[in-house]
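Structure first, commentary second.
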Amino acid sequence: MKVAIPVWEKRISPVFDTTTHILIAEINGRKLSKKEKMSLESLSVFQRIDLLEKLGVEVFICGGITRPILDSIRSKNIQTFAYVCGDAETVLKAFCDGKDIKALFSMPGDLKKEKG
Amino acid sequence: MPSNPHKNFDHYSKIILDNINEGVFTIDATQKITTFNTAAERITGIPREEAIGQLCYNVFRSNICETECALCKTMQTGEPISEKMVYIIDASGEQIPISISTAMLRTENGKIIGGIEIFRDLTLVDKLRKEIEGNYSFADIISKNREMQLIFDILPQIAESGSIVLVEGESGTGKELFARVIHDLSKRKKHKLVAVNCGALPDTLLESELFGYKAGAFTDAKRDKKGRIAQAEGGTILLDEIGDISPAFQVRLLRFLQDKTYEPLGSTESVVADVRVIAATNKNLQELVEKGLFRQDLFYRINIIKITIPPLRDRREDIPHLVKHFIAKHNRILGKNITGIAPRALDILMRHNYPGNVRELENIIERALVLCRNKVLEPQNLPLELQPSKDDEHLPVESLPLKELEKQSIMKALKHNNWNRQAAAAELHIHKTTLFRKIKQLGIKLPGRDGRSKSSSPFCPQ
C-alpha cells in the first residue's frame with residue numbers, strides 16, 4: 001500500500017496546497033518497506049493531485065488543505081486523513097501500527113469532526 | 001489597599017486585545033503561541049484554548065508558513081513587516097485572504113521574548129471587489145465581452161434545466177470552469193462534480209473508469225471498483241474531450257446517455273444512474289460528424305444546449321481584467337505584493353495571440369510574478385518570445401504625443417494582421433470605416449496590398 005505525506009523538513013506540512021515536498025512510503029502488511037521524498041516545487045495543485053493518482057497512492061495523510069482540493073483527492077478513491085500534524089515518521093509509524101492518527105495527531109481547531 | 005497596577009494593566013490589555021477587529025497572536029522563542037485574541041479565534045475558526053501552546057504554523061496554516069514565514073523573518077532580522085497579503089486555511093478548510101503585519105516582542109530591557117503578528121480578514125474586501133467587478137464577472141469567470149455576457153445571462157437557466165450541456169471551446173478557455181459554475185448553480189450542487197478526460201484513456205480503461213468493474217472482471221480486478229458515474233451519483237459528470245473518443249466507445253456512451261443505465265465491467269446487471277452530463281470538447285463536433293468521425297446520433301444526443309466559449313484573441317478587451325485578477329490570485333499564492341502592470345508590459349500582452357488562451361495568460365502572469373523584483377510587472381518579466389523585437393522598439397509610450405501614439409498603434413495592428421484592414425480594426429476595437437478615416441487623417445502609407453490576398457502573406461512562402 002502506498003502512503004503519501006506532504007512534508008516540511010521532518011514534520012507534516014501545515015499546508016498541502018503550497019508545500020514543496022512529499023514523502024511516499026510503501027507499507028507491506030504493517031511494515032514500512034520503502035520510503036522516498038519527492039519535490040513538488042514546480043507543480044500546481046492540480047498536477048499534485050494527478051501525481052498522487054499516477055503514483056497509485058491509496059492513503060494520503062496531510063495537514064491543512066483547502067476544501068475543494070481535499071474533495072478532489074477523495075473523489076479519486078484515495079483514503080485521506082486531513083488536518084494531521086506532527087513528526088511525519090512518528091505519524092507514519094502510528095499508521096502502520098493501526099493506531100487512530102486522527103485522534104492522536106489532529107491539528108488544533110474543530111477538526112476532530114473531520115472524517116478520515 | 002491600592003490595587004496592583006501591573007495586574008490592572010494586564011487586565012485592560014486583554015480587554016483591548018479582545019475588542020479590536022484585527023486578529024492578534026504572539027509567539028515565544030520556540031514558535032509556540034502565547035496569546036490568541038477573540039478576532040484571531042473568529043478569523044481562523046480555532047478556539048483560543050486549542051491554539052495556546054501550539055506551534056504557530058499548525059494553527060495559522062498560511063501559504064507562507066513553510067517557505068517565507070513573516071514572523072521568522074522579523075525574528076531573524078529585527079525588521080517589522082507590514083500589510084503583506086497572504087491566505088490562511090481556516091478550521092473548515094476555507095481559504096481566507098488576509099493581510100499580516102509582524103514585529104518583535106521585547107521587554108523593557110530590550111530582551112527579545114518572541115514575536116507578534118497582527119492580521120486582518122480581507123474576505124469582505126475581496127467580496128466587495130468581486131461585487132464591483134460583478135458587471136463583468138460570473139462566479140470566477142471574468143469577461144466584459146458581449147458574447148460571454150450573453151452566456152452569463154443564460155447560465156442560471158441552463159443550470160436549472162438539468163439537460164445535457166455541450167461546452168465547446170479551444171484548449172485553455174475554461175471549459176471546466178463553466179462546467180463547475182453550471183454544477184454549482186444547479187440543484188445537484190450538494191453532490192459531486194466528477195470530471196473524466198475521455199481523450200487521455202484507451203477504450204478499455206475509459207470503460208472501467210466510467211462504469212467501474214466487478215471483482216474478477218479481469219486479471220487484476222481483485223475487488224469491485226466504483227466507476228466515475230457512480231461517484232458522481234446525484235451530481236454531475238463532466239466528459240471532457242468527448243470529441244476524442246473512439247467510434248466503438250461512442251456506441252456505449254450513446255446507450256448510457258439514452259437510458260441512463262450501464263453495466264459495470266464483469267456485471268450482468270444494469271445500474272440506473274442519476275447524474276447530469278456535461279460534455280466538453282476543443283473540437284468542432286459538427287465538423288467531425290461531417291467527416292464521419294463522430295456519430296450523428298450521439299452528436300444530436302449531446303447537442304441539446306451548446307455553449308461556445310470564444311478564444312481569448314477574440315475578446316482582447318478582457319485581457320486587462322484577467323491580468324488584474326491573476327496578479328491578485330498569484331500574489332496570494334506566492335505571498336507577493338505586486339500592485340499592477342506597467343503600460344508597456346500590458347501593451348505586449350494585448351498584442352499576443354494566445355494559442356493557449358486564458359490558461360496561457362495565467363501562466364505568463366504567474367511566471368512574471370515569480371521573476372518580478374519590483375512593485376509593478378515590467379516587460380522584462382514577460383517571456384522572451386513575447387518581447388518586442390528591436391525593430392518594434394519606439395520611444396516610451398508615455399512620452400509620445402497622442403497623434404503619434406495613435407499612428408503607431410494603427411501601424412502595429414496593421415502589420416500584426418498582415419495589412420488586413422478589417423482584422424486590424426477588430427484588434428483595435430474600432431469600426432472599419434473609422435480605421436480608414438484615421439489612416440487618411442494620420443497620413444499612414446499602406447502597401448499596395450491587402451491582407452485578404454493570400455499570396456501577400458508573409459507567413460506563406462512565395
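Pairing each heavy atom of Pro14(A) with each of Cys65(B), the nearest pair is CG-CB, 4.1 Å. Contact detail for Tyr83(A) and Ser92(B): the closest heavy-atom pair is OH-C, 4.4 Å.
Remark: Arg61(B) CZ to Asp17(A) CG distance equals 11.5 Å, nearest 0.5 Å.
Side chains of Ile89(B) and Arg67(A) form no contact here, defined as non-hydrogen atoms less than 4.5 Å apart. When side chains are defined from C-beta on, Tyr87(B) counts as touching Thr18(A), because their heavy atoms get closer than 4.5 Å. Looking only at side-chain heavy atoms (C-beta outward), Asn77(A) and Lys225(B) come within less than 4.5 Å of each other.
Around the NZ atom of Lys214(B), the shell of radius 6.0 Å holds no more than 12 heavy atoms that belong to other residues, nucleotides or ligands. Remark: Lys76(A) NZ is packed, more than 12 non-hydrogen atoms of other residues, nucleotides or ligands lying under 6.0 Å away. Surrounding CD of Glu176(B) are at most 12 heavy atoms belonging to other residues, nucleotides or ligands under 6.0 Å away. Crowding of Lys10(A) atom NZ: a count of heavy atoms from other residues, nucleotides or ligands under 6.0 Å not exceeding 12.
Using a 4.5 Å cut-off between heavy atoms, Gln231(B) contacts chain A through its side chain alone, with no backbone atom that close. Heavy-atom distances place no part of Thr44(B) under 4.5 Å from chain A, backbone and side chain included. Only the backbone of Val7(A) comes within less than 4.5 Å of a heavy atom of chain B; no side-chain atom from C-beta onward does. Looking at Phe60(B), there are no atoms closer than 4.5 Å to chain A (heavy atoms on both sides), in backbone or side chain.
Side-chain N or O atoms of Glu50(B) include none that pairs as donor or acceptor with a backbone N or O of Pro108(A) at under 3.5 Å. A donor-acceptor pair is defined here as one N or O able to donate and one able to accept, closer than 3.5 Å; such a pair exists between the side chain of Glu66(B) and the backbone of Thr20(A).
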Could you walk me through whether Ile46(B) and Met107(A) pass the side-chain contact (heavy atoms from CB on, under 4.5 Å) check? CA-CA 10 Å; Ile46(B) 297 172; Met107(A) 277 183 145; over 6 Å; no
